[in-house]
Undergrad: 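Supplied in structure tokens, the structure appears directly below.
Each chain gets a letter, A, B and so on, in the order its sequence line appears, and its residues count up from 1. Computed from heavy atoms alone, side chains included, the values below leave out hydrogens, waters and symmetry copies.
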Number of protein chains: 2
Amino acid sequence: MKNKQKQIQLRDVQDVIDIIGGRWRGAILASLCDKEKRFNELQRDLGEITARTLIKELKYLEMNKLIDRNIDQTESSTVRYMLTKHGKSLDPLIEAIVSWGQQHRKLILGKSDMKILDEAIAG
Amino acid sequence: MKNKQKQIQLRDVQDVIDIIGGRWRGAILASLCDKEKRFNELQRDLGEITARTLIKELKYLEMNKLIDRNIDQTESSTVRYMLTKHGKSLDPLIEAIVSWGQQHRKLILGKSDMKILDEAIAG
DNA sequence: TTGGTAGGTATCCTAAAAGATAGTTGTATT
DNA sequence: AATACAACTATCTTTTAGGATACCTACCAA
């Protein structure tokens, strides 16, 4: 019984990490927390993502009801991506993630890049 | 300036997802939030993970100072994995994740498995 | 009518993650 | 001395994510 409960929680963690995990999804959602964005705007925002990857991730997030894809008919069929209400419910979680990430960096390094972690710990 | 701020947050999100992301890390940490565990105990807990993968992930988490590997000398060199103090600071975040995950499943399906999401949405 | 931008698609390719499976070492157990 | 379990390690193979690149369509502006 107690064991069952635990299993459910592990699955929940896995599911959420599926959704915000991967190289880009978290960042896409974080970027859309700010405000709605157009395709190219997102692509510039994220830096190095290719169009192929971006569109794939956007479709995935759309399927999961986290974002909407809106075509603005008035203005030459502009496409806008925005969080759904459900997507917006992720906002506090993302902020918690950001805040933990900042603490983590401070605690581990007091430096700006966590990728050098291995050396830092070895030394 | 405002743009700069946004960049930093995106990086934070990425960093944290690096740490708790992937197929297993989140679940391993969640499982250790409960209590310290032995290697085989963890392996059973997580269901389908192979020893090779588990040990790799454990080493990664150890390197990132989130867990400790303790050898109990008294009792036939039993190995125990447990969260460090820093690892424990992830607990609230993991609980937030679990709670959002539960909401998500309810909202999307009212069912028990999110993996059938695609069909559910298509229908 | 040519060029530029937005919003994509289609193919091919590579590197990294993770599974399958077998083997190893140490300890305790009978 | 033989068996069994814990805690790994080693090798090989498959799967998957994501990059590189080229192309396409619609719309507008000059």
Undergrad: Counting only side-chain nitrogens and oxygens, does A:R80 get under 4.0 Å of the OP1 or OP2 atom of C:dA6?
TA: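 Negative; the distance criterion is not met.
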Undergrad: Between C:dG8, D:dA7, C:dG19, which nucleotide gets closest to the side-chain atoms of A:R69?
TA: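 Closest of the options to the side chain of A:R69: C:dG8.
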Undergrad: Taking A:D72's backbone N and O only, do any of them form a donor-acceptor pair with A:T78's side chain (distance below 3.5 Å, no angle check)?
TA: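 No, A:T78 side chain to A:D72 backbone: no donor-acceptor pair under 3.5 Å.
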Undergrad: Which atom pair, heavy atoms only, marks the closest approach of B:D12 to A:G101?
TA: OD1-C, 4.3 Å
Undergrad: Using side chain to side chain contact (heavy atoms under 4.5 Å, CB included) as the criterion, list what pairs up with A:E95, not counting sequence neighbours.
TA: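 Testing A:E95 for side chain to side chain contact (heavy atoms under 4.5 Å, CB included), a comparison that skips the adjacent residues, returns A:D91.
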Undergrad: Under 4.0 Å from OP1 or OP2 of D:dT16: is there any side-chain N or O of B:R23 that close?
TA: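 B:R23 to D:dT16 OP1/OP2: no side-chain N or O under 4.0 Å.
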Undergrad: Would you check, one step at a time, whether the test salt bridge (Lys or Arg N to Asp or Glu O under 4.0 Å) holds for B:K35 with B:E41?
TA: CA-CA 11 Å; B:K35 59 175 171 51; B:E41 204 173 353; 3.3 Å; yes
Undergrad: Hey, can you tell me if A:Y81 and A:F39 have their rings parallel, tilted or perpendicular (30° and 60° cut-offs)?
TA: tilted
Undergrad: Given atom CG of B:N70 and atom P of D:dA6, what is their separation to the nearest angstrom?
TA: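 After rounding, the gap between these two atoms is 19 Å.
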Undergrad: Can you tell me the distance, in whole Å, between the CH2 atom of B:W24 and the C1' atom of C:dG19?
TA: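 My rounded result for the distance is 10 Å.
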Undergrad: Run A:R25 and A:E57 through salt bridge (Lys or Arg N to Asp or Glu O under 4.0 Å) and show every step you take.
TA: CA-CA 7 Å; A:R25 278 172 210 162; A:E57 299 300 29; 3.0 Å; yes
Undergrad: Return the value, rounded to whole Å, for the distance between atom CD1 of A:I71 and atom P of C:dG7.
TA: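 The distance from CD1 of A:I71 to P of C:dG7 comes to 10 Å, rounded to the nearest Å.
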Undergrad: Output the rounded distance in Å from CG (B:L46) to C1' (D:dA7).
TA: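 Roughly 15 Å, once rounded to whole Å.
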Undergrad: Using a cutoff of under 3.5 Å, can you pull out all pairs of nitrogen or oxygen atoms linking the protein to nucleotides 23-26 of chain D, with atom names and distances?
TA:
none

Undergrad: Distances for protein N/O vs nucleotides 23-25 of chain C N/O pairs under 3.5 angstrom?
TA:
none

Undergrad: What is the minimum heavy-atom distance between B:V13 and A:A30, and which atoms define it?
TA: CG2-CB, 4.1 Å
Undergrad: What are the residues of residues 51-61 of chain B, sorted by number, that bring a heavy atom to within less than 4.0 Å of DNA chain D?
TA: B:A51, B:R52, B:I55, B:K59
Undergrad: Is it the case that B:W100 and A:S89 place a side-chain donor and acceptor less than 3.5 Å from each other?
TA: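 Per modelled atom types, B:W100 and A:S89 side chains form a pair under 3.5 Å.
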Undergrad: OP1 or OP2 of C:dA6 versus the side-chain N and O atoms of A:R44: is any pair under 4.0 Å?
TA: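 Yes, A:R44 has a side-chain N/O under 4.0 Å of OP1/OP2 on C:dA6.
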Undergrad: Let me know the distance between CG of B:D18 and P of D:dA17, rounded to the nearest Å.
TA: 16 Å
Undergrad: Whole-Å distance between D:dG18 P and B:Q14 CD?
TA: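 Roughly 10 Å, once rounded to whole Å.
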Undergrad: Considering residues at least two apart in sequence or located in another chain, which fulfil the side chain to side chain contact (heavy atoms under 4.5 Å, CB included) criterion with B:R23?
TA: B:E48
Undergrad: So with a 6.0 Å cut-off around NZ of A:K85, is the heavy-atom count from everything else above 12?
TA: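 No - once you tally the heavy atoms of other residues, nucleotides and ligands closer than 6.0 Å, there are 12 at most.
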Undergrad: Do A:D45 and A:S31 have side-chain N/O donor and acceptor atoms under 3.5 Å apart?
TA: yes
Undergrad: Which residues pass the side chain to side chain donor-acceptor pair (under 3.5 Å) test with B:S99, not counting sequence neighbours?
TA: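 So B:S99 forms no side chain to side chain donor-acceptor pair (under 3.5 Å) with any residue.
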Undergrad: Grab the CD1-C1' distance between B:I49 and D:dA7 for me, whole Å please.
TA: 14 Å
Undergrad: Rounded to the nearest Å, what distance is computed from the CG atom of residue B:L42 to the P atom of nucleotide D:dC8?
TA: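 Going from CG in B:L42 over to P in D:dC8 covers 11 Å.
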